[in-house]
Every structure is written in C-alpha cells, then in structure tokens.
Amino acid sequence: MIADASSAAQAVHAPASRRGVPRSLVAPLALVGVLALLAVAAPWIAPQDPRVQLEIVALKYHAPSLAFPFGTDGASRDVLTRVLYGARVSLSVASIAVLVSLCVGSCYGAVAAVAGGRIDQLLMRALDVALSLPRMLVLLVVGALWDLDVRGLVLLLGLTGWYGVARLVRGEVQQQLARDYLLSARATGVSSWRMLTRHVLPHLLPVLSVAASIGVASTISLEAGLSFLGFGAREPTASWGSIMRDGYSVLRSAWWLTLFPGLATLTAVVACNWLGDALRDVFAAEQVPA
Amino acid sequence: MFVAASAAFALLHAAPGDPYSDLDRYQFMSADVREAQRARRGLDLPLRQQYARWIGSLVRGDLGWSTLEQRAVRDVIRDALPRTVGLMTLALIGSLVIGIAIGAWQGTRTGSVGDRMLSLLAMLLYSIPEFALAATLMLLLTPWLLPVGGIMTEGFEQLAWPARAWNVAQHLVLPWLSLSLIGAAVVARYQRSATRDVFRQPFIQTARAKGLGVGAVRWHAMRASLLPVIALTGMLFPSLLTGAVFVEQIFNWPGMGLQLLRGLDQHDYDLVTSLVLGIAALTILGSLIADLLRDLADPRVRSAVRAD
Amino acid sequence: MIRAVSSARSRTIATVLLLAVCGAVSCGGEQGENVTPLNSGGTMIVVQPEEPTTLFPPLLTSSAGLGIVNGIFDRLAEIGPELNVSGDRGFTPRLASAWQWASDSLSIAFTLDDKARWHDGAPVRADDVRFTFGVYTADVIGSDLKSVLGNIDSVSVRDSVTAVFWFKRRMPHQFFEATYHMYILPSHLLASIGMDKLTDAPFATAPVGTGRFRFASWERGVRLDVIADTANARGRANLDRVIWSFVKDYGTATVKLFAGEADFYEAIRPENIPEAARSTNLRLQPAPTLQYGLLVFNLGARGDSTVPNPIFSDVRVRRALAMALDRVKMARNVFDTLGAVSLAAAPRALIPDTVALRQLPYDPVAARALLDSAGWVLAAGDSVRTRDGVRLTFEVLAPQSSLARQRYATLLQEQLRGVGVEVRTRIMAGPAIGAQVMALNFDAFVWVWGSTPGRLGMVQTWGSRGSQNMGAYRSRAFDALLDSALVAFDDAESKRLWTATLQQLIDDQPAIFLYEPQTPVAVHKRIRTAPLRPDAWYANLADWSIDPAQRIDRDRIGLGGPR
C-alpha cells in the first residue's frame, strides 16, 4: 500500500532487453496474466449472472458448497460470480487510473524538465503543495462528498496518483537531456519534441513500467479501501472492496463474503508488487556493466 | 497548507447537501426551520462571502463551529489530536524498531530460507489493504484476548490511574499493531537492501579483514545503513496517517481519522476543513522531522539535503 | 464477592477492578445498598452507533439523544402504553400531579407536583412551563417541533404551580399535543441567557432537568454518563448509572455487545440475531417500534413538482410496480422472521383495523398487464418497457447508513427487472440524498418513517400541504378524509374514518409500503427491563434494574466519587 512511484526511482535506466523475458519475470507475469484473463473471461466462466438473485429467502448467506464454491451473499447472489465480475471492476479501475496518472505525470514531468528555469521551479513548487496532502485524504473527501460512478472513481484515482511519476520523469528527462549525444543533437537544431520522443522516451520505459506495476498494486488496494468505507464502487456494480463491505457486517458468521474477495485483492496486489520488484531487479541487473 | 484548506473548503461547499440536509437526522425539520438553521451558521450567504468569513476567522485562530458536535472545532481537535498523534508516534516507533530489526537480520543473511520467508511475509503485509489487516487482527484477537474497540472500558474512568493506563494500553494494542505491521513491512524492505549494500562496501570488507568481531562489523554496518531508512520516516508518516483513518474507524479509536469520517458523513464544513488543515500540517511536520533526523544521523548531508 | 462473567477477558477486568475498587471508589455500591431498596444499584452500558449532537430537548432531531434526554427531563404527563391520543385517557402524571379541563375544553390547567425539584435543588415552577413553550416555539431556536405545537395558542401562569394551556381549536388530541412533545426546561437557569444563545450554551451539553436520572459527564465521541438522581421526588432510578457508549461502526458495536462489554443494543441487525441468540450473556427481547419502510415515488417531474412525473403520475404504474414486488419474501430476506410487510402508511400498532384494509396482491402477471394497459409495452427482443420512445427506467436512492434499505433497493431492482422495468440504485450519504430529495430532484427512494402516536404525523407526511410530503402527493380525497379523521371524537367513527384514510393511500400508492421492522433489542441477561413502549423503548428506564444476585464488576461502580 505504501509503495508508490517514488520507490521506482530505485530502478535504473537502461533500454529494455531484447533477449526475451528474463526468468525472474515469468512467475509474476503469469500471475498477473491469469488474473487479467479471469477478469476478461468472467462472462463466460462465471456460473451465474452477477445480478441474479437465485432465491432470496432459501439461498441467502448460503455457505460455500459444491453448487456455490464461494457461497452466496445476502441477496442470494453467487459470490464466485460476483468476485469474478468484481475483478473486472477492481482491475480495470486500477489499470486505467494508473494509465491516467502515468500520462499526466509524464507530461508534467517532461514539461518541467524541458522548460527548466522559472517554469520548472513553479511546477515543482505546486507539486510540493499537492504532496503535502496524503492521497487518501483527498480521495476520502472527494469520494465521501460526491456520488461518484465508476468513471468518476477512475478519474479521481488517476488524477491523485501522478505526483510521484511527475518527479520521476522530470529527473530522468533532465538526466537524459544532459547527456552528451543529446547536447550535441540540440546544438545541431533537433527539436525538443523530437528528442523527447526519439531519444528520451525509450529510456523512460523501464522506470515507468516499474512505477506502473507498483501503482496498479497500490491503486487496487486504495480502491478496495474506498469501497470498503462506502465511497467507491456502488451497487449493483461490485468491486472486491464493495463485496467486502457487504460482508463486513456478518464477518463472523458469513466469513466467505469477506474471505474470498479479500484473498482476491491480496493476490492481485501481491502479484503487481511482485512484478514491480522483479522488473526493478531486472533493469538494475541489466545496467550493471558487463 | 492554505491551498489545501481552501481546496477542501471549495470541495465541501460545492458538494451536494449541507449539514442540515440529512433527512434521517432531521426527519421532522420543516423547510423554514432548516433555512433558519442555515442562516444561523451563515450558510445562506453567497459562497464568496462565506469564504471570506472563514478565512477571516481562520486568521484570527478561530477554527469555527462543528455542527456535528455542537461545539467549537478547536475543542473537537483538542480532544482528537493527541489521540492520533500518540497512536502515530507509537506506530512510527514500532514500525522502525520492528522493521529495522527484521531488515538488518535479513540483510546479513540474504538468500537464506529465513530471509525468503520474511521477505514473503513483508510483501504480504504491505500488499494487504489497511482495513483488511485491521479487520483480520480484530477477528483473530478479540474479544477473547483484547478489548474490541474504543479507548477505555466503560467503568474504568472511576478507577485510579494505574488501572486506567493499563486499560488504555490494552485498547491501544490492536490499532498500534495494525499500523506498526504495515510500516514495519516497508521499513524492513529498505533496511534489508541497505544492510546488504553496506555489507558489500569496501570499508566493511576492510573491517572484516582487520579482524574486527562479527558484532562490531554488524554495528558499523547498522549505522551506515540507517540513513536511507530514516529518510523513509518522512514517507511513512502520510501512509501511517492514511492507515490511521481505517484503523480508527475499525477500532473506534476517537482520533482525527474517525472525526474526519464522521464530519464527512454529516457535511460538517468547519470540522472537515480544519481536520484537512491539521492532517496537512502533520504531514509537513513529519517530513521536517525526517529531514532533521537525517541531518543528525549523517553530518555529511547536513544542509545539503534541503538544497537537493 | 464479585461474580465474573463467562469470558476470560472479563476475568482479567475483574482482577483489576478488585484491586482498584476498594482504593479508588469509596465503596459507593455497598454504602448505597444500606439506604436504598435492594433493587437499586448497578450500571448499564448502552451501545449506540450514533452520538447525539446536543442534549437540548427542543433541538433533538435524531433518535440518538432521545433516550438520554428522556431520563434527564420530564414531560408534564406521560402517554399510556396503548398510546392513546384522544383526550387524556391512559395518561399518567409526571411533572404535573393533576390537571383540569376547562368546561369549553379550550384550556387545560396543569398543577405541578410541588415536591418536584431541578437537579440543582430549585423547585419547579409554572413559569418553567410557560418559558418552555416559548423556547419550543421561538423562531430563533429553530425547533422541528414548532409545527406540531400549532394548535396551542399560549401558556399562562395561574399561580406558581399552575400552568394553563390555551388552545385555538377543540381537537381530540389536544392533551397529547400539550404533553407529548415538550420536555420542561429550567427557566431559572436559562431565562437570563438570551434566546439566540441558548442552543450553543453549555446547558445544551450538560443539562439540568427534573428526571430520575441526572447528567454526569460526556466525553465527546466516546461516552455519556447519566446517574440516578437520589433526591428525586418520584424516587431514585433503580440503576446507579447508565453509560451510553458511542461506537460508529455497527460491526464493532455488535462485537462489543457479544463480548459482554455492553448491556443493551437497540440497533442489532437481523444478520446478527442468530449469534445473539446463542450468546450466554444476552437475551433478545421483542421491541415493537412505530417504524415502517417504504419506497417513496416522486409524483412530480424531477426538480419541478408542478409538472406531473412522466412515469409515476399514472396510478396504474404505481400499482403495477407494487404488485410486481414479492414483499413477503423481501421482508423475509431482510428481516427473517423479525419483520413484516407494511400494511399501510402506519405500523400495525397504529392501524385501528388491520383486517378491514384491502391490500394489493403480489401478482407479476397482473402487474405486466397493468403496465401494458398504461401504455408501457415491451418490444420484442427488448428487456425494458417503453412508451412513446421513453424507457421505463428510474433511479432508486438509498442511504449508506442503512443496510436494510440498501438491501431493499437491491432486491426491488432485480424483481422489477422481471417485469421489464429498469431500476438504477444509488447508495448515497444522508446529506446528499436529503439535498436531492428536498429539491425534488429524484425518482424514488427507500425511506423509513417513524410514526407518531395517533398517526398525527400523517398531516405532515401525506397531506397536500405537509412539510414532509416528499413525493409531492396531492389528493383532495385523502386530505378530506384525513381532516375528518383527525377531528372525530367518537371512537367508532374515528376507526371508520382512519380506515378509509389509510385505504385511500393504499389505493393511490404514492409509495410502496414495504416493511415494518420487528427486530428485538439485545439485553444483558442480568438486566430486568420495564415494558418497552413502542414509541420509546427508554420511556421507563428509571424502573429498569439489575438482579442483585447476578451483578458483575461494573455494577459496583456506583454513583461515582470525586474524579
């Protein structure tokens, strides 16, 4: 949860390997892939329609059984189905939100680095202000006061998550721009834009991919927290966090309502963090001169 | 901070609803009474005027009036602040002590089975959402071992202070443990790699070669690796504050996080803006303290840090 | 010695308390038992999710503070257990020891109990009554109750212990109006403060009353204590102390109850009932309430009540929606056996003749036919009905704070889907829902009304000019029936008119009447309760007691010494 983009700063900058996928990446990539696949395939593999209330009196809070491996919830909906469909919401909200923050953060950081001088100082000052507020605080205040739909949630998460990325990108771009070959390129009149896209951007990919996986991990967790407090995804849309919120009032009797979405959340967060760590190690190793 | 508070003010006032619009709370309040109540609190004025009034009183040190608790916000914060700061301080100490101990142990034995197990555990701990960890701890450890929530068991306020203190300590265990575990997982990761790196450095090799005892070498390594970890405290602070919101809610610890949630629930404008202000101040204070600690731990970076 | 309760944790408390009780508390419990009846003593902890904002009686707006204020303050007379509101039948003396009706019934003279004292020792005077009426009706105070005191013209002081209420109209429920809404306030403490500062005065958070409990302390966000007023003219309260413990999270509150850290929980949820029933500490006790849950339709267009709503202004649609819902099963789902389908715009306890009311049946086939006949038809291959290109879709709001209402929204969404109606549910925070509802900017919302005895609140909730008529229901026929029911003095006539009034609402379905909660309260076994009155479980709290043979550690706290 705590990990944020700034820990990606440890990643070192080197062009991505073209030698295929390193061994240490296989396991985390596979795990993330399986989760994503399950989410995408939910409509085909889920045993039920997530809205269907099977039998609201006889089948409510049905404990896990062969027919309902994850049990049913208070409205007699199949929890396995809800968790699978919840994966779609939780994972896509987190991924799109991170994409938003990567875009915003990269642009912001790149502009600051390229512009330099006064503008750079001003932009960084504004960033300091934004960083002085814990992100959760902003999420809570906005989430509690505004009745957000899923799109709003994505935007909110995305637009509060880019500060670290901006710093990171600014630093990287500054470093790259200071390199000899770019200095000479600039001297020969190559435009800044062209330099950014052609020369600097490829160098950013390792850092950004580490930041992205760690960002997705923390965003899944944040979204779960928000939904748990009732400010995130809302009925009938279910995310893992909102299923857990449903189950929290019956924590001790209908444990399956909290356990399964909880495990799903944990798995997804661990998978993304693991991937982030592995990526960082790979890039760091590649940077060591042979 | 000022920007943060103004943003909070704008968000609150732009959001649908106000302190008197909760129909559950004010079931039988008629429209004219509701208007009268709003007028009493100046909520009927144009937003620009409300803002000016609010800034004006803020400058005078008046935080406003909590509609939720029907008393001055100053008093609400005076009650809540020490509870949160106390909890956070203990949690920070807990995170650092546990994290550094585990991380240093791991750092000297990287690659061993124990190291891998602990790394996995740390990964799980910092991946688990705060509320899930807190709820799990509550499920496992209450009520048979520890009290469920709150700050003191009803009845103990009549007793002498040792009994009261002991009781508060019991109530503190779970919120503290939840926060400390999350923090410790992060600290341990950093401490582990820092220790490992230090061990690879020439001066440690030299010390070893000179025949210094294992204990002495470790001590040197420890000191050298503390720096990056201490720099972490600045980062740890906001995340602990975040965690505190969930932990206070789940364990009913009446600090700033719980008050924030209650205030948001009821659109208590003055209370929420003041709490946002307070939390921003705490965050800044946290990073200042971290800078200071860093200076103390390593004289070389003194003064250089700020210019970075 | 001290009896330990079953759990291991309580035993550790017992040891700590044992060591400390003798030192810190000067053995208040034991001393008290010598002078007071055997029945008295003990501490009860009430756990409650919501904390009151104020203890100033005119401003009590949510149920959170009612139980506390009811212990600290007194009304002039107390309504009887059958909640009769016509005349003074069933009412028992409280602060007034007697009353006399004027021959024209336009005034009632209340004689105050001359032994009654405020908790600070001052005697209670007729001027307090006059002052109280002034506070409740002052605009600057902004009490909700002003609107229900409208038939009282004034209160005058005949002599120091006689206050006279003057009424504008002769009505069956005059006496109820004069006594039910107002808790008498101490003018000797408040008159000098100034009306505009009263609500923020320290009195509002540390009140002085005449009740059998007196205010002791309030630690905000944590707890509030009241203790027995040992000098009370009506006898001290049996319990030494009642602690109201505020736990925001329902789940935590429930665990606290199960752990034996609390003795009473009113808001226990149906899901937790089985666990409570298994608990060795607790007893579940039936607790009738006057609540009923409903789905309120906005009969005006969104944001503009002068234009009829495109969907709900047609009574056939409203009736069809009601018939599409299996309300019996829904109540079973949410409440198990602890709830029932609501029969009308009042709980069963306040319906004079439940059998006489004709209900809408659960009949999805008829519901579909009715929707067809109203022009909402299902095109082939479509899942939502349309009329003139408009889809039969609407939004249902439910508050975050109520799991029952959220569940109802979820359930009815799915059931209406079955008849080709698309419902979008939105779970929102209370203030946000309120803002939308008050601006009439909504389609429908799940709501709970707490009825007032005598159904007098119906004027506000369903009358054309009612201030709480949130769905903008306007019916001349209903208004006429209600008016005549309210002024019927004859019992049989009253019963007939009320039945017709309620039937009119069932036929019109300005709302679907969904449920009536019958959830029990959870009480610690050692506590002996007095009868729980449907409008206020706490009405006889001073008569509750704790079996001396079953006392546990906290029952020894007593009235408390200097802190």
Side-chain angles (χ1 to χ4, degrees), chain A residues 48-63 72-78 81-82 140-150 152-153 226-239 241-258, chain C residues 248-255 258-259 267-276 278 325-337 395-401 403-415 417-418 422-433 435-436:
Chain A
Q48 306 281 348
D49 181 321
R51 291 173 301 180
V52 159
Q53 299 166 3
L54 299 159
E55 165 44 54
I56 59 173
V57 176
L59 286 182
K60 72 164 181 170
Y61 292 129
H62 196 281
T72 66
D73 71 0
S76 76
R77 293 172 294 196
D78 181 40
T81 307
R82 310 248 320 145
L140 273 181
V141 173
V142 179
L145 296 178
W146 301 84
D147 175 48
L148 296 175
D149 56 5
V150 175
L153 191 62
L226 276 181
S227 295
F228 177 76
L229 289 177
F231 308 144
R234 288 169 192 188
E235 283 280 336
T237 320
S239 76
S242 58
I243 305 174
M244 280 191 266
R245 176 183 161 79
D246 281 353
Y248 187 63
S249 65
V250 284
L251 188 61
R252 280 164 211 254
S253 50
W255 47 269
W256 53 91
L257 263 177
T258 32
Chain C
K248 181 176 184 289
D249 187 284
Y250 280 84
T252 310
T254 311
V255 179
F258 291 155
I268 188 161
R269 289 173 161 167
E271 294 95 296
N272 300 118
I273 297 283
E275 199 177 345
R278 282 195 302 274
L325 296 181
D326 190 346
R327 293 180 292 152
V328 176
K329 263 199 172 160
M330 290 165 89
R332 281 290 298 281
N333 173 276
V334 179
F335 296 103
D336 268 313
T337 53
E395 190 174 74
V396 169
L397 310 179
Q400 236 167 41
S401 55
L403 279 188
R405 281 183 260 169
Q406 285 175 41
R407 176 71 65 70
Y408 260 97
T410 306
L411 294 177
L412 66 88
Q413 176 184 42
E414 179 64 9
Q415 301 206 349
R417 191 164 73 95
E422 184 185 56
V423 173
R424 284 164 287 126
T425 58
R426 266 174 92 190
I427 313 297
M428 299 166 76
I433 290 197
Q436 275 196 253

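Order of the sequence lines fixes the chain letters, A, B, ..., with proteins taken first and strands second; residue numbering starts at 1 for each chain. Please read these numbers as outputs of a predicted model, since none were measured by experiment.
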| Heavy-atom closest contact (C/Leu411 atom, A/Gln53 atom, distance) | CD2-OE1, 3.3 Å
| remark: With chain A, the option among C/Thr254, C/Val255, C/Thr252 that has the most non-hydrogen atom pairs under 4.5 Å is C/Val255
| query | Which heavy atom of A/Arg245 sits nearest a heavy atom of C/Gln406, and at what distance? | reply | NH2-NE2, 4.1 Å
| said: What's the separation between atom OG in A/Ser253 and atom CZ in C/Arg278, rounded to the nearest 0.5 Å? | reply: 7.5 Å
| CG of A/Asp73 to CZ of C/Arg407: how many Å apart, nearest 0.5 Å? | 7.0 Å
| field | Minimum heavy-atom distance between C/Ala429 and A/Ala144, given as atom pair plus value | value | CB-O, 4.4 Å
| said: When you measure from the side chain of C/Arg269 to the backbone of A/Ser249, do you find a donor-acceptor pair of N or O atoms at a distance under 3.5 Å? | reply: no
| field | Side-chain heavy atoms of C/Val334 within contact of A/Lys60, under 4.5 Å | value | no
| message | Using a 4.5 angstrom heavy-atom cutoff, name the option from C/Met330, C/Gln415, C/Glu414 with the most pairs to chain A. | response | C/Glu414
| Atom pair CZ (A/Arg252) and CD (C/Glu275), whose distance is rounded to the nearest 0.5 Å | 7.0 Å
| For chain C, which of A/Val52, A/Asp149, A/Leu145, A/Ile56 has the most heavy-atom pairs under 4.5 Å? | A/Ile56
| Is there a side-chain contact between C/Thr410 and A/Arg77 (heavy atoms, below 4.5 Å)? | yes
| Which bit of A/Leu251 comes within less than 4.5 Å of chain C, counting heavy atoms only: side chain, backbone, both or neither? | neither
